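From a predicted model like this one, the values you see are computed outputs, not experimental measurements. Side chains included, hydrogens not; waters and symmetry mates left out as well; all remaining heavy atoms used.
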Amino acid sequence: SFTVAFLCDCPELEDLHLSWAECDTDASRMQSVTWSWTFPKLRKLYAHGWNFAPNAYSRFLERHPEVKVRRVFVYGD
């Protein structure tokens with residue numbers, strides 16, 4: 001998807017804000033977001049929406065322990 005390709009080209013990213021639908025329907029999901037990115041300089045994260053890939057999202061957070069500001073409102077298991 002455009003989002004995945006765009007973020008792959010942003011290794012210097014320091015502030016990431018992602019917001020998507022709060023409901024669990026096929027039409028509202030960010031379907032192809034894999035959370036496989038690594039941003040060495042990431043310090044701020046805002047994520048808001050339904051957690052459609054909990055394991056991948058958890059691994060993303062584990063790879064970014066340097067994040068100082070984290071506002072995460074992610075729903076579902």
Minimum-distance pair of heavy atoms, taken over all atoms of Ala47 and Tyr57:
CB-OH, 3.9 Å
Nearest 0.5 angstrom please: Trp37 CH2 to Leu13 CG, how far?
10.0 Å
Quick one: are Leu61 and Leu45 in side-chain contact, heavy atoms under 4.5 Å?
yes
If every non-hydrogen atom of Pro40 is compared with every non-hydrogen atom of Pro11, which pair is closest and at what distance?
CD-O, 3.5 Å
NZ/NE/NH1/NH2 to OD/OE distance under 4.0 Å, Lys41 and Glu14:
no
What orientation do Phe60 and Phe39 show, parallel under 30°, tilted 30 to 60°, or perpendicular over 60°?
perpendicular
Could you grab the distance from atom CG of Asp15 to atom CZ of Arg43, nearest 0.5 Å is fine?
11.5 Å
For the residue pair His17 and Tyr46, categorise the inter-ring angle as parallel (less than 30°), tilted (30 to 60°) or perpendicular (more than 60°).
tilted
Between His64 and Leu42, which heavy-atom pair has the shortest distance, and what is it?
CD2-CD2, 3.8 Å
